[in-house]
**Student:** 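Mind having a look at this structure? Questions to follow.
None of the values given here were measured: they were computed from a predicted structure. First the proteins, then the strands, lettered A, B, ... as listed; each starts at 1.
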Amino acid sequence: MQVTLPDGKALELPDGATGLDAARAIGPKLAEQAVLVRADGRVQDLRLPLADGEPIQILTTRDKDDPDALYVLRHSSAHLLAEAVRRLYPGVKVAIGPPIENGFYYDFDFPEPITEADLEKIEAEVKREISDGREWSREEISRDDARTRFEAEQEPYKVELVDTAQGDISLYTQGDFTDLCRGPHLQNAKPIKAFKLTGLAGAYWRGDEHNKQLTRIYGTAFYTQDDLDAYLARLEEARRRDHRRLGVQLDLFHLSEHSPGSPFWHPKGMVIWNTLEELRKRENRRRGYVEVKTPLLYDEQTYETSGHLANYEDNIFWVQSHEQHDRRFALKPMNCPGHMILFGSQLRSYRELPFRFAESSTLHRDEITGALHGLLRVKHITQDDAHIFCSREQIEEEIFGCLDFAYYLYELFDLEARFELSTRPEKRVGTDEEWDFTEGALRSALERRGIEYVVNEGDGAFYGPKIDLHMTDVLGRSWQMGTIQLDAQMPQRFGLTFMGADNEEHVPYVIHRALLGSLERFIGILTEHYGGAFPFWIAPVQVRILPVGEDHREAAHDLAARLVPYRVEVDDSAETVGKRIRNSEIEKIPFTVVYGDAESDDSLAVRERGGGQSNPSLSEFRDRLATLLPWQAGAEPSLTS
RNA sequence: GCCGGAGUAGCUCAGCUGGUAGAGCGCGUCCCUUGUAAGGACGAUGUCGUGGGUUCGAGUCCCACCUCCGGCUCCA
């Protein structure tokens with residue numbers, strides 16, 4: 001047989017030759033450094049036979065940044081971890097240990113709980129394994145043999161995995177540890193030049209909270225120590241951009257034990273908040289939305305009708321009325337019931353459709369404590385919410401409108417969201433036919449707009465499927481931002497109808513949509529996205545003026561007055577100019593203007609955030625600032641129907 | 001909610017095996033009168049998360065709770 005190498009040359013090999021055989025045929029050095037083979041695009045263990053005629057690429061320790069090469073390194077590292085843990089903690093049961101982005105983990109069932117102090121000991125044991133030398137061997141066995149083997153080793157989790165595994169069963173052995181594993185793995189542990197355990201956490205077996213909680217040990221590994229150091233430095237850098245840290249540093253907001261999960265917005269944070277609110281109102285108006293306001297409190301019956309009571313009772317804040325002891329009220333966790341009631345309060349005609357009711361009001365959700373996270377997961381939520389009531393025929397155009405609107409908003413902030421289509425969950429209302437229709441409508445809208453998306457099976461709302469926009473935070477976690485949901489259920493449950501052209505009553509469809517998502521979360525993501533250096537139009541303080549000496553104070557305040565309506569501050573504190581510039585930089589203010597004897601309306605000393613300097617006249621400076629406002633630059637939707 | 005960790009001045013943190021608290025930044029007063037990332041002197045910081053307990057004595061040890069952090073689960 002023969003295979004093709006990356007340079008196009010053909011390599012003759014005996015039938016059944018493996019990737020390692022191919023590497024040996026090319027050279028002993030290559031064979032020694034090989035970590036896996038990419039054969040016809042798929043990643044394959046070096047020990048497995050190649051197929052005749054396929055193109056192959058041998059990855060070696062030199063491909064230290066290749067994601068597949070790192071995956072193998074980390075996967076093998078996870079096995080070393082399991083070996084070490086089994087040696088150090090007799091009686092421990094091993095579960096699963098896959099590579100993940102930036103590292104790997106392994107789940108264990110320890111007889112006695114361990115703490116972070118144990119990690120040091122375990123890490124030392126793994127490093128000993130690496131320096132002692134470990135080689136991996138691979139074997140394929142029958143399902144029954146595998147079950148017998150893991151039963152004999154008293155590894156119940158492995159037995160369960162054998163019973164549910166798809167396809168052939170393969171085992172990998174290194175040292176005195178054999179693991180059920182699809183591979184691929186390294187030849188030996190030599191390429192693991194840097195190994196570090198990074199964390200300890202509980203994790204449910206098979207990700208189900210009804211199952212036993214196991215102990216998960218996280219770690220990472222690299223082909224060089226420098227790469228590990230660089231990774232740790234990147235983590236440290238990321239922490240500097242964390243919105244929780246920047247929020248305090250830049251005096252945007254704080255969180256308090258007095259009201260867990262509910263941010264206290266400081267004046268500077270409110271500038272950002274209000275800027276987003278203005279954007280929301282302005283763009284909604286442009287797109288035919290009308291602003292409404294519905295109550296914060298509803299009686300229990302409302303949520304019985306909507307179906308939320310059955311699904312979310314534990315996450316709703318209940319309020320007791322002083323007089324009506326037998327009638328519970330709840331702080332609204334979402335706006336839809338209010339908008340349903342509003343729609344249903346009058347006779348509606350098809351001529352009026354679509355109704356686009358917009359509302360940004362406060363929602364409360366009693367999230368479990370472990371879920372709270374800075375601004376990204378809060379109990380006090382403010383959505384840029386809207387509900388579009390439309391006929392079946394209007395659905396597609398309305399979804400397009402939402403998608404275009406979303407694109408407009410995210411481009412404005414230079415954000416790139418990932419789109420997900422979340423389909424019918426197990427616990428849901430409505431018929432399969434209705435779900436077929438609503439899911440199909442969202443899918444086709446995405447496809448007709450040419451939007452790339454991933455399907456998130458079973459993650460829809462109980463009343464309908466949704467298109468979700470996701471963003472990643474500075475720690476690599478994914479958060480749902482905007483959402484566009486198509487709902488055939490809620491209008492039925494609230495008995496909503498409109499009069500059609502046929503003089504018959506019809507039930508409207510509803511599109512629930514929030515595009516920024518929650519303002520809290522959006523500001524959190526924005527803060528991290530910009531690293532606190534907000535663009536001019538969002539920056540809480542846009543211009544700071546520094547009078548050089550006492551004699552220049554009056555002129556500085558005068559200049560500030562002439563820069564209205566921009567957000568201008570004068571820093572006339574008794575600090576040196578150098579110190580005040582430093583403060584201005586630390587506060588990430590876009591423009592700092594030093595004003596002294598040398599300055600006049602004809603020539604200002606303007607410093608841009610980061611250090612650039614220029615000497616525009618006052619009118620030139622004003623013109624410059626005006627170009628930095630997106631609405632005056634006349635931004636139009638980039639995708640129009 | 002679950003596993004692990006943490007909570008000391010406004011912020012970042014130190015405080016060894018129990019003897020009633022410190023640093024830097026920030027803040028205040030004063031001096032300096034400033035030219036593109038830290039001028040100087042002096043001064044005040046505080047229920048050591050909360051409540052119990054052990055002890056002659058608890059920031060330090062024990063218990064409960066609250067909040068936060070890293071994960072897991074959840075997220076209308």
**Student:** Are there any protein N/O atoms within less than 3.5 Å of an N/O atom in nucleotides 3-9 of chain B, and if so, which ones and at what distance?
**Tutor:**
residue, atom, partner, partner atom, Å
B:C3, O4', A:Gln213, OE1, 2.9
B:C3, O2, A:Gly202, N, 3.0

**Student:** Does A:Phe108 have any ring-ring contact (aromatic ring centres under 6.0 Å, His included) partners at least two apart in sequence or in another chain, and if so, which?
**Tutor:** A:Tyr106, A:Phe110
**Student:** Among residues at least two apart in sequence or on other chains, which ones pass ring-ring contact (aromatic ring centres under 6.0 Å, His included) with A:His75?
**Tutor:** A:His79, A:His185
**Student:** For A:Asp107, enumerate each residue passing the salt bridge (Lys or Arg N to Asp or Glu O under 4.0 Å) test, keeping only those at least two apart in sequence or located in another chain.
**Tutor:** A:Arg216
**Student:** Can you sort out which residues in residues 232-248 of chain A have a heavy atom within less than 4.0 Å of RNA chain B? Ascending by number, please.
**Tutor:** A:Arg244
**Student:** Please name all residues satisfying ring-ring contact (aromatic ring centres under 6.0 Å, His included) with A:Tyr530, sequence neighbours left out, ordered by chain then number.
**Tutor:** none
**Student:** Expected output is a numbered-order residue list: members of residues 461-474 of chain A with a heavy atom under 4.0 Å from any atom of RNA chain B. What is it?
**Tutor:** A:Ala461, A:Tyr463, A:Lys466
**Student:** Mind listing the residues from residues 541-553 of chain A sitting with a heavy atom below 4.0 Å of RNA chain B? Number order is fine.
**Tutor:** A:Val548, A:Gly549, A:Glu550
**Student:** Could I get the full list of side-chain hydrogen bond (donor to acceptor under 3.5 Å, both in side chains) partners for A:Lys93, not counting sequence neighbours?
**Tutor:** none
**Student:** Residues two or more places apart in sequence or in another chain: which of them pass ring-ring contact (aromatic ring centres under 6.0 Å, His included) with A:His364?
**Tutor:** A:His380
**Student:** In whole Å, measure the gap between the P atoms of B:G24 and B:A41 for me.
**Tutor:** 11 Å
**Student:** I need the full list of salt bridge (Lys or Arg N to Asp or Glu O under 4.0 Å) pairs touching residues 330-341 of chain A, with sequence neighbours left out, sorted by first then second residue.
**Tutor:** A:Lys332-A:Glu359
**Student:** For RNA chain B, write out the stems as range with range, using runs of 3 or more consecutive Watson-Crick or G-U pairs with both distances under 3.5 Å.
**Tutor:** B:1-7 with B:66-72, B:10-13 with B:22-25, B:27-31 with B:39-43, B:49-53 with B:61-65
**Student:** Out of the candidates A:Tyr509, A:Phe494, A:Phe355, only one should pair with A:Phe343 under the ring pair (Phe, Tyr, Trp, His ring centres under 6.0 Å) rule; please name it.
**Tutor:** A:Phe355
